[in-house]
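Shown next, in structure tokens, is the structure this report addresses.
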Amino acid sequence: MKFKSQLFWALFFSLIFFTTSGFTVVGHRGDPIKYPEETIQSDDSAFKFGADYVELDLRLSKDGVLVISHDDDLERVTHTHAIVSQNNFETLKQLKYDNGEHVMSLNELFEHYKNKPSAKFVLETKIDHSINPSYELEDKIAAVVKKYHMQKRIMIHSFSAASLFHFRKIMPDAYLIFIVGSLRRINFSILPQVNAVNAASDIVQEHPFLINWLHKLHKQLFVWAEMDESPALWHWLINRNVDGVVTNFPATGFKYKLAKSGTKKYAINRTGIYFGKTKTSTMMNPYVRIKEKKYVWPNQKVNVTYGVRVDNKLYYQIAEKTFISAEFVNLDLRHNDIAPYENKKIIAKPNTKVAIYNYPDNQAKTKKFLPANTLFKIQNFNGSPKNMWLYTKKGWIKADQILFYGFFSKKAFQQYNKLPRVSKYTNLVLLPFNPNKLTLTPTYWQKQKQINHIIR
């Protein structure tokens, strides 16, 4: 009877929490498009750009330490072949992500965030109990959560029903979410034990009745997908009243959360930098957008107090009655991140259609493409070191879609080699060439005059 009573109140209060706090944004492994997944830098970015929770994966090392990693083999994220379950944590800890952070334990994560109560996490158990009957993973998660008093700051989700069943026994008040990729996995043996279902977006699109059906059973519905920022998918999901999304793009999730609640203005309170080559004017009001005779100058730092969305475009308030388009302000890039690239040119990769965007946002894609065999000057930067955007006279483009042109001197390469691994784009033109013929030439200076006339 005591267990049933605890389960009832856990379900009751968690239901109140989610119905009063609305649409929940969960950053999938942090903010993985901008920064290496499941690092502090990635997690911080997700929280700063509007995620309510960050989702992380947990595995056990050979010596029983809770390691944060989606893959059992760390080669994809650290470029070193190392199996989590076959190595002690002290060995795994020596491996580093592209941003210089080392592989992390759950204890280290909680130690870092223990005094930051707004940082909340969804913990996924990476285990198959049909192969591994032990519940050491779950027991250790429960112990670490209790040690750092994180009970009210975590949710637990898993593909493993057995894992969630065990958590309901050892942590009766925990908010548990069952991850499913098929409707056949949802049944009345698992539903009473969980608070929510996390379903693939294609399931929800194919069976929209699932939302109301789960709500009638007093269960929440989260949706997961690659979430490539397709406006059609996002609009469909939000209009179907899902309770949250697990997304690789937390800033986009936050944008739709604001749209759903009718919020236009929100606090940011961060320092940004303008990297444009020429001055850009500000405006008094983002709704009217009449330009002032005030300017932001190249490399000027600005204090961004608020973000305001108008006509699906973001503007930053940088002073009283002073606003600027968010495309001109970098919150994640610093001068060291762009220094080797800022005086270079770019060219479309051969036989590649390089999309042009109206501003640095995946949802601002146009039907235009960067002209082939043509060099363009870089006029501005945005994004993050891992996901950098470049502005040309034609519009915004993604840095990984083009070739950087101009790394032909020892000094240029020395500057490039000083970049951290996360900022090093390998899509460089190593020898000068004639873009009209795409043939390599022996020297740069002989062809410089020929190339200049096509620089836009």
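What's counted below: heavy atoms across the whole structure, side chains too, no hydrogens, waters or symmetry copies.
- Outside the 6.0 Å centre-distance limit, the rings of Trp389 and Tyr359 are not counted as a close aromatic pair.
- Under a cutoff of 6.0 Å and an axis angle of 45°, Lys257 and Phe23 do not form a cation-pi pair.
- Looking at Gln41 and Thr39, their side chains never bring a donor and an acceptor atom within 3.5 Å of each other.
- Considering only heavy atoms from C-beta on, Pro371 comes within 4.5 Å of Lys394 through its side chain.
- Remark: the backbone N or O of His215 is not paired with any side-chain donor or acceptor of Gln220 at under 3.5 angstrom.
- Classification of the Phe110-Phe121 ring pair by plane angle, with boundaries at 30° and 60°, yields tilted.
- Using modelled atom types, one side-chain atom of Thr366 and one backbone atom of Ile356 make a donor-acceptor pair closer than 3.5 Å.
- Residues Asn107 and Ser105 bring no donor and acceptor atom of their side chains to less than 3.5 Å of each other.
- Annotation: Phe254 is in aromatic contact with Tyr266 [ring centroid separation under 6.0 Å].
- The shortest side-chain heavy-atom distance between Lys114 and His149 does not fall under the 4.5 Å cut-off.
- Residue Asn417 qualifies as enclosed at atom CG: its count of foreign heavy atoms under 6.0 Å is above 12.
- Side chains of Asp31 and Ser45: a donor on one and an acceptor on the other come within 3.5 Å.
- Counting heavy atoms from C-beta on, the side chains of Ile378 and Thr392 never come closer than 4.5 Å.
- Proximity of Ile273 to Val329: side-chain heavy atoms (C-beta onward) are nowhere separated by under 4.5 Å.
- Formation of a donor-acceptor pair under 3.5 Å by the Arg309 side chain with backbone atoms of Leu258 is not found in this model.
- A donor-acceptor distance shorter than 3.5 angstrom exists from the side chain of Asn239 to the backbone of His235, with no hydrogens or angles considered.
- Looking at Leu60 and Leu66, their side chains come closer than 4.5 Å, going by heavy atoms from C-beta outward.
- Side chains of His218 and Asn195: no donor on one and acceptor on the other come within 3.5 Å.
- We find that Lys120 and Asp52 are not joined by a salt bridge, their nearest charged nitrogen and carboxylate oxygen being 4.0 Å or further apart.
- Residue Ile68 holds its CD1 atom at 4.5 Å from CG of Leu109, rounded to the nearest 0.5 Å.
- Lys147 NZ: 12 or fewer foreign heavy atoms inside a 6.0 Å radius.
- Between the side chains of Ser158 and Glu124, not a single donor N or O lies within less than 3.5 Å of an accepting N or O.
- Taking the ring centroids of Phe381 and Tyr391, they lie at or beyond the 6.0 Å cut-off.
- Residue Lys116 places its NZ atom among more than 12 non-hydrogen atoms of other residues, nucleotides or ligands, all under 6.0 Å distant.
- A centroid separation of 6.0 Å or more is found between the aromatic rings of His28 and Phe249.
- In this structure, the side chain of Arg270 engages the main chain of Leu331 through a donor-acceptor pair within 3.5 Å.
- Side-chain contact, Tyr113 with Asp44: a donor N or O sits under 3.5 Å from an acceptor N or O.
- No hydrogens or angles considered: nothing links the side chains of Lys377 and Asn343 as a donor-acceptor pair under 3.5 Å.
- Two residues are said to be in side-chain contact when any heavy atoms from C-beta on lie closer than 4.5 Å; Val122 and Val246 fail this criterion.
- Here the side chain of Arg59 pairs a donor or acceptor atom with the backbone of His70 at under 3.5 angstrom.
- Between the Asn382 side chain and the Pro360 main chain, no donor and acceptor come within less than 3.5 Å of each other.
- Side-chain atoms of His335 and Asn299 include no donor-acceptor pair closer than 3.5 Å.
- Ring orientation note: the planes of Tyr135 and His166 are close to parallel, at an angle under 30° on the 30°/60° scale.
- Nearest heavy-atom pair, Phe159 versus Arg185, reported as atom, atom and distance to 0.1 Å: O-NH2, 2.7 Å.
- With hydrogens and angles left out, the side-chain atoms of Ser69 and Asp71 include no donor and acceptor closer than 3.5 Å.
- Asn241 and Lys260 share a donor-acceptor pair across their side chains, judged by distance under 3.5 Å alone.
- Between the side chains of Trp236 and Gln205, no donor-acceptor pair of N or O atoms lies under 3.5 Å.
- Remark: the backbone N or O of Lys386 is paired with a side-chain donor or acceptor of Tyr425 at under 3.5 angstrom.
- Geometrically, Lys424 engages Tyr416 in a cation-pi contact defined by less than 6.0 Å to the ring centre and at most 45° from the axis.
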**Request:** Output, in order, the C-alpha distance, side-chain angles, deciding distance and verdict of side-chain contact (heavy atoms from CB on, under 4.5 Å) for Val197 and Phe222.
**Result:** CA-CA 6 Å; Val197 170; Phe222 287 70; over 6 Å; no

**Prompt:** Asp98 and Tyr35: side chain to side chain donor-acceptor pair (under 3.5 Å), yes or no, with the steps?
**Reply:** CA-CA 9 Å; Asp98 286 348; Tyr35 296 105; over 6 Å; no

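- Using a 3.5 Å distance cut-off with no hydrogens or angles, the side chains of Asp72 and Ser85 do pair a donor with an acceptor.
- Taken from CG in Asn330 to CD1 in Ile338, the straight-line distance is 7.0 Å, to the nearest 0.5 Å.
- Between Pro36 and Val77 there is no side-chain heavy-atom pair separated by less than 4.5 Å.
- Side-chain contact between Leu430 and Phe407 is absent, with no heavy atoms from C-beta onward closer than 4.5 Å.
- The environment of NZ in Lys349 is crowded: more than 12 heavy-atom neighbours from other residues, nucleotides or ligands sit within 6.0 Å.
- Listed for the Glu101 side chain is a donor-acceptor partner under 3.5 Å among the backbone atoms of Ile40.
- Not a single donor-acceptor pair under 3.5 Å links the side chain of Ser325 to the backbone N or O of Phe328.
- Open room surrounds OH on Tyr306; 12 or fewer heavy atoms of other groups in view lie less than 6.0 Å from it.
- Around NZ of Lys140, the count of heavy atoms belonging to other residues, nucleotides or ligands within 6.0 Å exceeds 12.
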